[in-house]
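Notes follow the structure.
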Amino acid sequence: MVKSFIRTSLFLLIIIVASCTRPTPKATQNSASSPKTYENELFSIDIPEGWVCDADGWKGLDSMRNEVNIYNPYESIVWFHIVKAFMPIQWKNIAEATEMAKTARALSGANAELIEEIDSVEVGGYPTSILYFANYEDEDTIIQKQYVTYMKDSHIVIYFNENFNSKDYDEAQEIGDKIIATIKLKKVKNPLDNDSVMRQAVKSAMANKEISDEAIKKGQEIINEK
């Protein structure tokens, strides 16, 4: 059961975790509508003046899909894609959580490679590893600087992704790292530790078409396993 769940959960997360596509501003969004600080039940982050926070993808800690995009609609030097992992696995430490992140990227099939790794850092007081992935898109190289943060008290893994073009390598990180430094993480109870809640989250994701047909099939195998 555990190994099957890990494999399937990895599959469900690969697309949203690995995403480094520039966000497209929505017609209803503007800089005036975005708060100076975005906050949900798991974390808060300060947003520069004029930037946009799209949190439509944050569905709650008892849901499969939890993602937030933060970006400057007028200048895309760096943009953020934040994702809470779906897996309530009790990793032993940040090293195991980081290996999971690498495995997810390897399985994604994207034209990308791991180019650098930094250990022993923190985000919001929690242990973090930084993974640099180079994503080759046509003639561009998009760098995803992925902060893999493991909240051991709740078994939650969250990815804070800085995305930027390789030509903006230094300037983008100068901006992005200042924003990352404002993150505050909250101690929470992970509802997905409850097996029935986890299964309901998979069912809801399938019903709402938040995952692909292949993922639906794999998720159904998990639901019917017991």
Side-chain angles (χ1 to χ4, degrees), residues 1-19 37-46 55 57-68 70 80-108 114 116-133 144-162 176-202 205 219 222:
M1 174 64 179
V2 173
K3 289 183 178 179
S4 176
F5 176 63
I6 292 173
R7 288 195 300 268
T8 306
S9 298
L10 277 169
F11 182 84
L12 299 180
L13 281 169
I14 283 168
I15 294 176
I16 57 175
V17 170
S19 173
T37 297
Y38 167 74
E39 183 173 6
N40 58 36
E41 63 268 51
L42 186 62
F43 72 92
S44 66
I45 184 171
D46 291 349
W58 189 270
K59 304 301 183 183
L61 298 183
D62 60 350
S63 300
M64 193 209 98
R65 185 183 177 201
N66 282 286
E67 52 184 316
V68 176
I70 298 172
F80 290 85
H81 181 61
I82 301 169
V83 181
K84 182 191 80 66
F86 178 56
M87 292 166 286
I89 303 300
Q90 296 187 26
W91 306 109
K92 292 180 181 178
N93 49 44
I94 182 59
E96 285 194 349
T98 302
E99 287 305 310
M100 180 270 291
K102 294 179 186 177
T103 300
R105 186 57 59 99
L107 293 173
S108 71
L114 177 64
E116 187 177 354
E117 180 175 352
I118 301 174
D119 298 322
S120 303
V121 298
E122 288 188 352
V123 168
Y126 285 91
T128 298
S129 294
I130 301 175
L131 303 176
Y132 284 82
F133 293 99
Q144 184 172 78
K145 183 179 183 180
Q146 184 174 90
Y147 289 79
V148 182
T149 301
Y150 180 43
M151 304 175 69
K152 190 173 183 178
D153 43 14
S154 57
H155 319 134
I156 288 175
V157 178
I158 185 165
Y159 306 87
F160 297 99
N161 299 305
E162 292 180 26
D177 290 356
K178 288 180 180 178
I179 297 173
I180 290 288
T182 71
I183 292 170
K184 295 180 176 63
L185 288 160
K186 305 175 183 180
K187 289 187 176 182
V188 299
K189 183 177 180 180
N190 189 353
L192 296 179
D193 277 338
N194 183 301
D195 189 61
S196 64
V197 176
M198 183 275 289
R199 290 171 183 273
Q200 183 56 47
V202 175
I222 285 177

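Keep in mind the model is a prediction, meaning the values are calculated, not measured.
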Practice problem: For residues D119 and E117, report the shortest heavy-atom separation together with the two atoms involved. | Solution: OD1-OE2, 3.4 Å
Practice problem: Could you check H81 against E67 for side chain to side chain contact (heavy atoms under 4.5 Å, CB included), going step by step and ending with a plain yes or no? | Solution: CA-CA 7 Å; H81 181 61; E67 52 184 316; 2.8 Å; yes
Quiz prompt | Least distance between heavy atoms, T37 atom then S44 atom | solution = CG2-CB, 4.1 Å
Exercise. Find the distance between CD1 (I118) and OH (Y132) and round it off to the nearest 0.5 Å.
Key: 4.5 Å
Quiz item: Between the side chain of K152 and the main-chain N/O of Y126, is any donor-acceptor distance below 3.5 Å?
Solution: no
Exercise. Any chance you could measure F80, atom CZ, to I180, atom CD1, to the nearest 0.5 Å?
Key: 5.0 Å
Practice problem: Measure the CG-NE2 distance between N190 and H155 for me, rounded to the nearest 0.5 Å. | Solution: 8.0 Å
Self-check item: Step-by-step side chain to side chain contact (heavy atoms under 4.5 Å, CB included) determination, F43 to V123
Solution: CA-CA 11 Å; F43 72 92; V123 168; over 6 Å; no
Quiz item: Would you say E162 and D177 make side-chain contact, with heavy atoms under 4.5 Å?
Solution: yes
Quiz item: Side-chain contact, heavy-atom cut-off 4.5 Å: F160 with T128?
Solution: no
Quiz item: Which heavy-atom pair separates V188 from S154 by the least distance, and what is that distance?
Solution: O-CB, 3.1 Å
Self-check item: Distance-minimising heavy-atom pair for I179 and D46
Solution: CG2-O, 3.6 Å
Quiz item: Counting heavy atoms not belonging to K178, are there more than 12 under 6.0 Å from its NZ?
Solution: no
Exercise. Could you tell me which non-hydrogen atom of L61 sits nearest to which non-hydrogen atom of K189, and how far apart they are?
Key: CD1-O, 4.5 Å
Quiz prompt | M198 to F86 - nearest heavy-atom pair and separation | solution = O-CZ, 4.2 Å
Quiz prompt | Main-chain N/O of T98 paired to S129 side chain as donor or acceptor, under 3.5 Å | solution = no
Practice problem: Report yes or no: does N66 contribute a side-chain atom to a donor-acceptor pair with the main-chain N or O of W58 at less than 3.5 Å? | Solution: no
Practice problem: Decide side chain to side chain contact (heavy atoms under 4.5 Å, CB included) for I183 and Y147; before the verdict, give the C-alpha distance in whole Å, the side-chain angles of both, and the deciding distance to 0.1 Å. | Solution: CA-CA 12 Å; I183 292 170; Y147 289 79; over 6 Å; no
Self-check item: Pairwise distance CG(N194) to CZ(R199) - rounded to 0.5 angstrom
Solution: 10.5 Å
Quiz prompt | Between CG on residue L114 and CG on residue L131, distance to nearest 0.5 Å | solution = 6.0 Å
Quiz item: Are side-chain heavy atoms of K84 and M151 found at a separation under 4.5 Å?
Solution: no
Quiz item: What do you reckon, is NZ of K102 surrounded by more than 12 foreign heavy atoms closer than 6.0 Å?
Solution: yes
Self-check item: From OH (Y150) to CD1 (I156), nearest 0.5 Å
Solution: 10.0 Å
